[in-house]
S.K.: 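Dropping a structure here in structure tokens format, bear with me for questions.
A, B, ... follow the sequence lines: proteins, then strands. Residue 1 opens every chain.
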Number of protein chains: 2
Amino acid sequence: MVPKTPPAAPPRVPHDLLASTQFLLKRVGMAAKERALAEYEQAGFSPYHHAVLAFLSEDSPDTQGEIADALGYDRGQLVGLLDELEEKGLVERRRDPDDRRRHIVRVTGAGTKALGRLRGIAAALDDEFLVPLDGDERETLHGLLARLAEHHDPRCTLQPPAASP
Amino acid sequence: MVPKTPPAAPPRVPHDLLASTQFLLKRVGMAAKERALAEYEQAGFSPYHHAVLAFLSEDSPDTQGEIADALGYDRGQLVGLLDELEEKGLVERRRDPDDRRRHIVRVTGAGTKALGRLRGIAAALDDEFLVPLDGDERETLHGLLARLAEHHDPRCTLQPPAASP
DNA sequence: TATTGTTATACTCTATAACTATA
DNA sequence: TATAGTTATAGAGTATAACAATA
């Protein structure tokens, strides 16, 4: 069989699209997401579990509503995540005595330990994903992304304006 | 009712996560995607339509398989996209006389005109999404993302190594 | 009546796998 | 038999809305 295009010209994304930063953001963000899902899954977790544990380790104890709001998750979705974390003994749910509708969630010792492993996974993912960039470039990228994230989602602000009363 | 946290501390994403570049990439990429979907939809299109038209305007005519491979779309998914574009008279499908299994797809004049509008939407999206960054920063970000995209997906390479026979 | 957590439902997207017509 | 396009099916993921307990 004689192919019509001898070196079989590799299919390319049109540079019209490659010229668009938001197109690249979508593409690269998607690739990062897929890569992360696969890596967390090998450890029996998802990035969502990591997010919940990380949040609780900084602001624990908290109610489910606060966790969902902070991370931008649906409350129904969070229920399942907490079920899984609780089943592994990484978090605890208790009724709030002051408002018995609420559940107080808190990380356990095992949860803190698991968080350490998840941090390792995240660091390894960063390292692998950013391999074409040197140290300075990674910092630059991170800074620019942080500013975009903060602009499009106030919850991603690092230092909330310390309101002094 | 007296709230326990008087200024109602705003829910924040843990900085553990904000310190991870791939986390930011996922978040910002998602935000870009949602924003883009909404904007294209107002014009009666999706970013996928734009991608197909952009590819055809650079490499037309092509077969459906080539389009799908270049853009990374599933072939079944592409059928629907082409149906919609064809219905609007923006592309044409014809059987390839040399291989009657294949469909030759090509942009119409109306398709080229529509592509112009879609380019405008993409440019406006870029401008709006990157508003916290100045010109130099946007260029820097674009360059870094382009290198990541190219590394994780060879189809995103701008200049394919010109194979001289 | 409004809210918290929960459960159930529906809807979207995607991935898989038949199916046809050609080769 | 294998491939291009098409269609149909199933699965994951997400969003919506009903629900019970409490305020």
S.K.: At under 4.0 Å between heavy atoms, how does the protein contact nucleotides 3-19 of chain D? Give one character per nucleotide, 5' to 3', with B, S or -.
M.R.: BSSSB------S-B---
S.K.: Checking ring-ring contact (aromatic ring centres under 6.0 Å, His included) against B:His50, which of B:Phe55, B:Tyr40, B:Phe45 comes through?
M.R.: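 So the option named by the test is B:Tyr40.
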S.K.: Is the ring pair B:Tyr48/B:Tyr73 parallel, tilted or perpendicular, if the boundaries are 30 and 60 degrees?
M.R.: perpendicular
S.K.: Before accepting this row, confirm whether a basic side-chain N of the pair B:Asp62/B:Arg102 lies closer than 4.0 Å to the acidic partner's carboxylate O.
M.R.: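 Result for this pair is no, no salt bridge flagged.
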S.K.: Measure the distance from NZ on A:Lys26 to C1' on C:dC13 and round it to the nearest whole Å.
M.R.: 16 Å
S.K.: With sequence neighbours left out, write down each residue that passes salt bridge (charged side-chain N to carboxylate O under 4.0 Å, His left out) with A:Asp74, or none if nothing qualifies.
M.R.: none
S.K.: B:His151 and A:Val131: side chain to side chain contact (heavy atoms under 4.5 Å, CB included), yes or no, with the steps?
M.R.: CA-CA 9 Å; B:His151 178 260; A:Val131 69; 3.4 Å; yes
